[in-house]
Amino acid sequence: MATTSITIDETPRIRSFLALADDALILGHRTSEWTGHAPTLEEELALANIALDLIGQARALYQATGYAEDALAYLRDPPQFRNALIAELPNGDFAFTIARLFLVSAASDLFWRGAMGATDPDLAAIAAKAEKETAYHVRHAAEWLIRLGDGTDESHRRAQEALDTLWPYTGEITASVDREAWLAVVAPILARATLAQPAESWMQAGGREGRHTEYLGHLLAEMQILPRSYPGAAW
Amino acid sequence: MYSQALNTKDTAAADASPDADRFQARIDAEERIEPNDWMPEAYRRTLIRQISQHAHSEVVGMLPEGNWITRAPSLRRKAALLAKVQDEGGHGLYLYSAAETLGVSREELTDQLLSGRAKYSSIFNYPTLSWADIGTIGWLVDGAAIMNQIPLCRCSFGPYARAMIRVCREESFHQRQGYEIMLTLCRGTPEQKAMAQDALNRWWWPCLMMFGPPDTESAHSDTSMRWKIKRFTNDALRQKFVDATVPQGQFLGLTFPDPELRLDEASGHWQFGTIDWDEFRRVLAGNGPCNRDRLTARQKAHAEGAWVRDAALAHAAKQQRKAA
């Protein structure tokens, strides 16, 4: 009987790996949606690079759980996904994509830096590679956010709107790092971008428990269509 | 990904000047022409057109394959496809740079593409309908591109020749990757095998058209041959492609959609049926399944990116003022 679903024994280790991997996969998926549609050819290449890094991180993390990477990516239903909600939000305009990439990468980079000294050898090894990649994502997104915030009236307005929309989704991504440390990375970039830092208030949550936005189901329906339609086939 | 054999519109600029004689002598001696060297205007125009069409093809070519990135059936395939499409963007970038050495700007060339004045390879006006199309594009479209492009590594214009060396290296990797997708499908379930056969049925004839019109109609390639921009005729390259590809398809256990395909024992070449040149001309003229979609997608990306590019310029100008 071909497999059409997967049951996971979610130990705390596996759960934490899935949260990291799902963040990377879902954000990688969103980033890959830009392919062929980016504002410049150079940015096509940069966004594809970043998507590739994220998908690579997801694969390494899935593999470290002991489950088959494709079973985890393609055969789980939305409630089994542990990613933060911010990763699954649609790309919006370029300002939204960049602002999200910056906010998420700034948190990821802090996490990976800490995880380089983890006692779990898999996590430490993945962190060593992921930190280098993520540091570049932070730099790339920050440079763009500064350009957009400090660019034209229109780009400033779009960047500020993106930031305001995204801010309530940042609680989940900073739960595993020191939010003050994260703010210390984020605030100076916002200042250089002449963007107003949104007030700290109520935060969206639920992704880690599998309670997602309306968007994840659509994303997974698209991503999983082939393995779901042809159970057991190898590709 | 690909350069389409061109029907050069310029007639040979039979410049009888001493410069032109020296130029032709250098070409005959297999010397490379560099951007600052003297060259006939027609040579420059031909190259600008060919290199920019090639660049446009790479950029438009990102769309049909990009169509499957979000639906790639495994994470390994997803990463490989994303990397492949990224390579194509990279090819576009250094081909535009090669064209710029001839005194034309990327903006100008982009305008020509977006306004529909410039051509790109017609093969990208066909849709990617199943995952097997991704395998088929790698196997056949990239395979045909390699046949076209390997001779371009010895093109008389240095920057183009050098770009082609790198492009060909990446293309042959893509071609192997595509064939491996086909092999996996053909060894898979009956549905997967049917998917592969269907893709071959749809892509085979358009791929043969990639080499351009038959030599009997390609009167202008003489000039390109004399200038060593082009080294083989369209028909010669097409035959080479068929000869290389048919055994590969047989190994997959697939049937080519050509009842007339047969091995001519005497010549050792595979003979094939008549290409529907009406379809070729129709698609080239804008009436293919995806011409409108492809151009609209590029126009939309460009238009929606305008405020981003404006922002980058505005920020750079502010920085400059601050530094001054």
Side-chain angles (χ1 to χ4, degrees), chain A residues 2 25 28-49 51-52 55-56 58-59 62-63 69-70 72-74 93-95 98 143-144 146-156 158-159 193 219 222-227 229-230 232-235, chain B residues 55 58-79 81-83 85-90 92-93 96 106 110 130-131 181 184-185 187-189 191-192 195 294 297-298 300-302 304-319:
Chain A
L25 179 66
H29 181 101
R30 284 299 189 210
T31 308
S32 79
E33 290 175 351
W34 275 98
T35 309
H37 311 284
T40 67
L41 194 46
E42 284 80 357
E43 197 52 22
E44 290 280 357
L45 303 188
L47 289 174
N49 235 351
L52 272 170
I55 290 165
R59 293 183 67 189
Y62 286 142
Q63 286 161 9
E69 60 174 33
D70 287 332
L72 290 171
Y74 291 94
D93 61 10
F94 187 68
I98 286 297
E143 282 168 4
W144 263 117
I146 291 167
R147 279 184 212 117
L148 298 181
D150 183 49
T152 62
D153 289 347
E154 180 180 8
S155 69
H156 179 88
R158 287 174 184 261
L219 185 155
E222 183 176 343
M223 187 176 87
Q224 298 178 337
I225 182 147
L226 282 172
S229 303
Y230 301 93
W235 301 92
Chain B
E58 298 283 356
V59 172
V60 176
M62 296 173 80
L63 297 169
E65 289 180 285
N67 181 35
W68 282 89
I69 290 172
T70 56
R71 291 177 292 168
S74 73
L75 295 181
R76 181 172 77 93
R77 295 289 188 207
K78 190 188 285 291
L81 179 58
L82 188 49
V85 177
Q86 187 196 29
D87 280 349
E88 281 151 19
L93 206 54
Y96 281 127
R106 203 208 303 179
T110 304
S130 82
W131 173 249
I181 291 177
T184 306
L185 293 175
R187 288 176 177 171
T189 66
E191 290 100 327
Q192 287 176 303
M195 216 181 261
R294 300 292 184 241
R298 288 311 313 161
K300 186 166 178 280
H302 190 76
E304 287 177 0
W307 69 267
V308 177
R309 297 188 298 274
D310 289 346
L313 288 174
H315 172 70
K318 283 183 199 178
Q319 292 298 103

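So you know, we letter chains A, B, ... as the sequences are listed, proteins then strands, and number each from 1.
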* So do Thr70(B) and His29(A) actually touch side chain to side chain, heavy atoms under 4.5 Å? -> yes
* State, yes or no, whether a side-chain contact exists between Glu191(B) and Tyr230(A) at a heavy-atom distance under 4.5 Å. =>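 They are in contact (side-chain heavy atoms under 4.5 Å apart), so the answer is yes.
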* chain B contact via Trp34(A) - which portion, at a heavy-atom distance below 4.5 Å ->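 No part of it gets close to chain B.
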* With a 4.5 angstrom heavy-atom cut-off, which part of Ile225(A) approaches chain B: side chain, backbone, both or neither? -> side chain
* Checking Arg147(A) side chain against Leu313(B) main chain: does a donor-acceptor pair fall under 3.5 Å? -> no
Nearest heavy-atom pair of [X] and [Y]: which atoms, and what distance?
{"X": "Pro39(A)", "Y": "Gly305(B)", "value": "CB-CA, 3.6 Å"}
{"X": "Leu41(A)", "Y": "Gly92(B)", "value": "CD2-C, 4.1 Å"}
{"X": "Tyr62(A)", "Y": "Leu75(B)", "value": "CD1-CD1, 3.9 Å"}

* To do: May I have the step-by-step check of side-chain contact (heavy atoms from CB on, under 4.5 Å) for Glu44(A) and Val59(B), ending in yes or no?
  => CA-CA 10 Å; Glu44(A) 290 280 357; Val59(B) 172; over 6 Å; no
Return the option, out of [options], with the maximum number of heavy-atom pairs under 4.5 Å with chain B.
{"options": "Asn49(A), Ile98(A), Leu219(A), Asp153(A)", "answer": "Asn49(A)"}
{"options": "Ala73(A), Ala58(A), Ser155(A), Gly56(A)", "answer": "Ser155(A)"}
{"options": "Glu69(A), Met223(A), Arg59(A)", "answer": "Arg59(A)"}

* Asked: Between His315(B) and Leu148(A), does a side-chain contact (heavy atoms from CB on, under 4.5 Å) hold up when you go through it step by step?
  -> CA-CA 8 Å; His315(B) 172 70; Leu148(A) 298 181; over 6 Å; no
* **chain A contact via Ser74(B) - side chain, backbone, both or neither, heavy atoms under 4.5 Å** => both
* To do: Check step by step if side-chain contact (heavy atoms from CB on, under 4.5 Å) holds for Glu304(B) and Asp93(A).
  => CA-CA 8 Å; Glu304(B) 287 177 0; Asp93(A) 61 10; over 6 Å; no
Out of [options], return the one with the most heavy atom pairs under 4.5 angstrom to chain A.
{"options": "Trp131(B), Tyr96(B), Trp307(B)", "result": "Trp307(B)"}
{"options": "Val308(B), Leu63(B), Thr184(B), Asp310(B)", "result": "Val308(B)"}
{"options": "Ala297(B), Gly66(B), Ala306(B), Ala83(B)", "result": "Ala83(B)"}
{"options": "Gln319(B), Arg187(B), Met195(B)", "result": "Met195(B)"}
{"options": "Arg309(B), Lys300(B), Lys318(B)", "result": "Lys318(B)"}

